[in-house]
Structure formats: structure tokens, C-alpha cells
Student: 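Structure in C-alpha cells, see below.
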There are 2 protein chains.
Amino acid sequence: MSDRSASSPGELEATDRAILRELVRDGRCSFTDLAERVGLSVSAVHQRVRRLEQRGALQGYAAKVDGDQIGLPLTAFISLTPIDPAAPDDYPQRLEHLPQIESCFSVAGDESYILQVRVASPLGLEELLRQIREAAKVSTRTTVVLSTPFENRPPAI
Amino acid sequence: MSDRSASSPGELEATDRAILRELVRDGRCSFTDLAERVGLSVSAVHQRVRRLEQRGALQGYAAKVDGDQIGLPLTAFISLTPIDPAAPDDYPQRLEHLPQIESCFSVAGDESYILQVRVASPLGLEELLRQIREAAKVSTRTTVVLSTPFENRPPAI
DNA sequence: TCTGAAAGTCACGAAGG
DNA sequence: CCTTCGTGACTTTCAGA
């Protein structure tokens with residue numbers, strides 16, 4: 001009698017959380033290893049992973065790459081403030097075509113959005129800022145990242 | 001005669017960049033598929049991936065999970081300002097034991113660090129702020145994320 | 001560095017409880 | 001929802017160019 005929680009957006013059961021924990025740590029872990037670690041048969045794990053993917057709890061898998069080695073050593077945060085407070089709030093759509101923008105967060109506080117960006121150089125950042133202001137009609141405040149003591153650590157699932 | 005760029009921290013050659021591009025998009029892509037997409041034999045791709053891993057260009061693989069479904073729906077940015085400007089700068093070490101902190105960036109600007117955190121609730125955020133202030137002797141400024149139009153998009157490799 | 005082949009592992013669906 | 005089982009696909013290594 002396992003504790004079934006909810007079918008779609010509810011909480012996850014212990015075994016599913018264990019699977020997610022392993023896959024966040026090692027996204028290329030084989031089903032065979034996964035099965036051993038969570039104490040189930042390979043097929044059972046296979047079914048659960050597929051269910052987690054369908055349910056959206058597992059949104060995908062990505063390699064982590066070194067920004068320096070791909071020629072994008074400069075990270076920055078850019079906060080956006082609309083110039084015209086009455087303008088329609090379609091900033092994400094106006095900005096998503098810029099590949100230097102890795103993440104876009106709508107936030108509470110003085111500013112409306114925070115962007116996390118990655119560029120090749122200060123000149124690249126300057127050019128990106130120009131593009132952002134032009135595309136979104138916003139004023140910007142930029143905070144340059146000097147170093148990253150740690151990043152994207154696995155959450156405590 | 002392929003263009004060898006550098007053995008360790010230099011730039012990467014076109015085929016290697018193609019491999020990284022695919023693996024960032026799909027971290028569980030099979031070597032067989034990878035080989036087809038970059039136009040090489042399976043063995044050659046295999047060797048290149050291993051080399052990219054050893055060189056540190058490929059830092060690992062991670063599953064992307066839905067914060068809501070793992071019970072951590074609240075994201076926030078916390079900026080840190082040291083209370084004692086003369087204190088030794090060991091803030092990352094003082095904070096890394098807090099699993100709610102996903103990323104820690106040392107930044108130029110008014111504040112010294114920006115933390116990206118993920119918690120279960122406003123109460124969890126309040127408790128985390130208390131822990132951060134106590135562990136690191138800093139004053140904090142918190143910006144709560146309301147929604148995330150997009151996040152962790154693959155960089156243009 | 002590449003290729004191709006051989007051997008071992010693994011993924012994935014079927015059938016059944 | 002789990003297990004076992006079987007087949008085809010995949011990974012991984014190695015010799016050779």
C-alpha cells in the first residue's frame with residue numbers, strides 16, 4: 001500500500017523523489033544504475049521516469065558546459081525598469097530572441113525583470129544592453145559577475 | 001588537417017562545439033544519435049566526449065526538474081552586503097552548507113554577492129534569511145521571483 | 001584522430017500477477 | 001504498480017590505418 005499523492009500537480013512520492021535526486025546529480029545515469037540506487041527493477045524505474053517526464057516533473061536533461069571554454073566568460077545580471085509604465089507587459093516576448101539572455105525572471109521589487117546573461121566580452125555586454133533597451137523600451141541596471149563560487153547546485157529533493 | 005586550437009583552456013574546434021550544442025539541448029542523447037548529427041563515427045564521438053569531459057569543457061549532466069512539483073515553488077535573489085567591511089571574505093564557505101542556495105555569485109556593484117535561492121514558502125524564505133545573516137554576518141536585500149518566462153536556455157555555442 | 005568490428009550492457013516493450 | 005524475460009539497440013574497447 002504505497003502512498004499515492006496526486007495524479008498531476010501534487011506532491012511526489014518518496015521513490016519518485018529519489019529518482020529525481022539521482023537524475024539531477026547525474027543526468028546520464030543509466031536506468032540500470034538508477035534501479036539499483038532506488039531499489040527497484042529496471043522496468044519499474046523506466047516506467048516511473050517516463051511518468052515523471054509526462055507529468056512535467058522531469059523537464060529535460062542538459063549538459064553543463066564551461067562558459068570560459070565556449071568563449072562566453074562574462075556573466076551579468078540586468079534589471080529592467082519600464083520607461084513607459086503604461087506600456088503592455090510583453091517584455092519576455094520582446095527579449096527571447098536574444099540568445100545571450102539565459103534566464104528571465106519577473107520579480108517583485110523596484111525593478112520589473114531580472115535577466116541573467118552570458119557574453120564574450122565587455123563590448124558584447126555593451127552591445128547586448130543596447131539591444132535590450134531598443135527591443136523592450138526599458139532602462140537597465142547591470143551587475144557584472146566577477147566569479148561564481150558555486151552555481152546550479154542540486155536542490156534538496 | 002584539422003585545426004587544433006589548444007590543449008587545455010583554449011578555444012574549441014567546430015566539431016567539439018557541435019557536440020556540446022547537442023548535449024546542452026539533450027543531455028541524454030545517445031552516442032549513436034550524436035554521431036549522426038555531427039557526421040562522425042560513434043567511436044570518434046565517444047573519444048571526443050571523453051576528451052571534453054577530461055578537459056573540463058563538459059562539466060556534467062543534470063536533469064531539469066519542476067520546482068513546483070518538488071515542493072520548492074518560491075525562487076528569490078538575495079544580495080549580500082558585509083556588515084563589517086574589514087571582515088575576511090569567506091562568505092561562500094559560510095553559506096555553502098545551506099542547500100536552499102542554488103547559486104552564489106561574487107559581483108561588482110553596490111553589493112558583494114548575489115544568491116539565487118529556492119524555498120518552499122515565504123516562511124521558508126524568512127528562515128533562510130535569518131540563517132544567512134547569522135552565518136555570514138551580512139545585511140540582505142531580497143527580490144522575490146513572481147514568474148519565470150524562461151530559464152537556463154542553451155547558450156549559442 | 002579517425003574507422004570498423006567484437007563483446008558486453010542496456011533500453012524498452014510484452015506478458016502476467 | 002510491480003516483476004521477469006527476450007530482443008534489438010547501444011556503449012565501450014581495441015586494432016589498424
Side-chain angles (χ1 to χ4, degrees), chain A residues 1-66 69-71 157, chain B residues 1-66 69-71 157:
Chain A
M1 240 139 278
S2 66
D3 179 0
R4 300 288 305 108
S5 314
S7 35
S8 263
E11 286 296 290
L12 290 168
E13 180 244 352
T15 306
D16 285 330
R17 290 208 309 275
I19 290 172
L20 292 183
R21 213 181 302 125
E22 292 302 322
L23 284 177
V24 168
R25 271 200 342 172
D26 177 11
R28 275 183 89 84
C29 179
S30 74
F31 287 95
T32 307
D33 286 353
L34 217 45
E36 276 182 20
R37 295 181 203 169
V38 305
L40 235 61
S41 72
V42 178
S43 301
V45 170
H46 201 264
Q47 290 168 1
R48 277 174 181 263
V49 169
R50 281 181 126 42
R51 220 179 307 126
L52 288 167
E53 287 171 347
Q54 286 175 5
R55 166 197 287 216
L58 261 171
Q59 297 177 321
Y61 309 88
K64 294 176 281 187
V65 300
D66 179 1
Q69 295 199 41
I70 58 172
I157 301 178
Chain B
M1 243 143 273
S2 66
D3 179 4
R4 300 290 303 109
S5 314
S7 34
S8 265
E11 286 297 290
L12 291 168
E13 179 246 352
T15 306
D16 286 330
R17 290 207 310 273
I19 290 173
L20 291 182
R21 213 180 302 125
E22 293 303 322
L23 285 176
V24 167
R25 271 201 342 171
D26 177 9
R28 275 184 88 84
C29 180
S30 73
F31 287 93
T32 307
D33 286 352
L34 217 45
E36 276 182 20
R37 294 181 203 171
V38 306
L40 236 60
S41 73
V42 177
S43 309
V45 169
H46 199 265
Q47 290 169 358
R48 279 173 180 264
V49 169
R50 282 181 125 45
R51 219 178 311 126
L52 288 167
E53 287 170 348
Q54 287 175 2
R55 168 196 287 217
L58 261 172
Q59 297 176 322
Y61 309 87
K64 293 177 281 186
V65 302
D66 179 1
Q69 295 199 39
I70 59 172
I157 303 177

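Labels below follow one simple rule: chain letters A, B, ... track the order of the sequence lines, proteins then strands, and each chain is numbered from 1. Everything numeric here is computed off the predicted structure, so don't read it as measured data.
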Student: For nucleotides 6-17 of chain C, just jot down a letter per nucleotide in 5' to 3' order: B, S or -, based on protein non-hydrogen atoms under 4.0 Å.
Tutor: ----SSSB----
Student: Do Leu34(A) and Val49(A) have side chains that get closer than 4.5 Å, going by heavy atoms?
Tutor: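 In contact.
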Student: Is there a donor-acceptor contact under 3.5 Å from the side chain of Gln69(A) to the main chain of Arg55(B)?
Tutor: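 Present.
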Student: Please check: side-chain N/O of Arg17(A) versus main-chain N/O of Ile70(B), any donor-acceptor pairing under 3.5 Å?
Tutor: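 No, Arg17(A) side chain to Ile70(B) backbone: no donor-acceptor pair under 3.5 Å.
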Student: For Ile19(B), is there any backbone N or O sitting under 3.5 Å from a side-chain donor or acceptor partner on Arg37(B)?
Tutor: no
Student: Using atom types as modelled and distance alone, determine if a side-chain donor or acceptor of Arg28(A) lies under 3.5 Å from a backbone N or O of Gly60(B).
Tutor: no
Student: Specify the separation, in whole Å, of atom CG of Leu34(B) and atom C1' of dT12(D).
Tutor: 15 Å
Student: From CZ of Arg48(B) over to C1' of dT11(D), roughly how many Å is that when rounded to an integer?
Tutor: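 Roughly 19 Å, once rounded to whole Å.
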Student: Take the protein atom CG of Leu40(B) and the nucleotide atom C1' of dT12(D), then report the distance between them rounded to whole Å.
Tutor: 16 Å
Student: Could you state the interatomic distance from CG (Leu58(B)) to CG (Asp16(B)), rounded to the nearest 0.5 Å?
Tutor: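 Here the rounded value is 9.0 Å.
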Student: Can you confirm if the NZ or CZ of Arg50(A) lies within 45° of the ring axis of Phe31(A) and under 6.0 Å from the centre of its six-membered ring?
Tutor: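 No, Arg50(A) does not sit over the ring of Phe31(A).
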Student: Just jot down the ring pair (Phe, Tyr, Trp, His ring centres under 6.0 Å) partners of Tyr61(A), sequence neighbours excluded, or say none.
Tutor: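 With sequence neighbours excluded, Tyr61(A) shows a ring pair (Phe, Tyr, Trp, His ring centres under 6.0 Å) to no residue whatsoever.
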Student: Measure CZ/Arg55(A) against C1'/dC1(D) and give the value in whole Å, please.
Tutor: 14 Å
Student: In degrees rounded to 10°, what angle is found between the helical axes fit to the five outermost pairs at each end of the helix from dT1(C)-dA17(D) to dG17(C)-dC1(D)?
Tutor: 30°
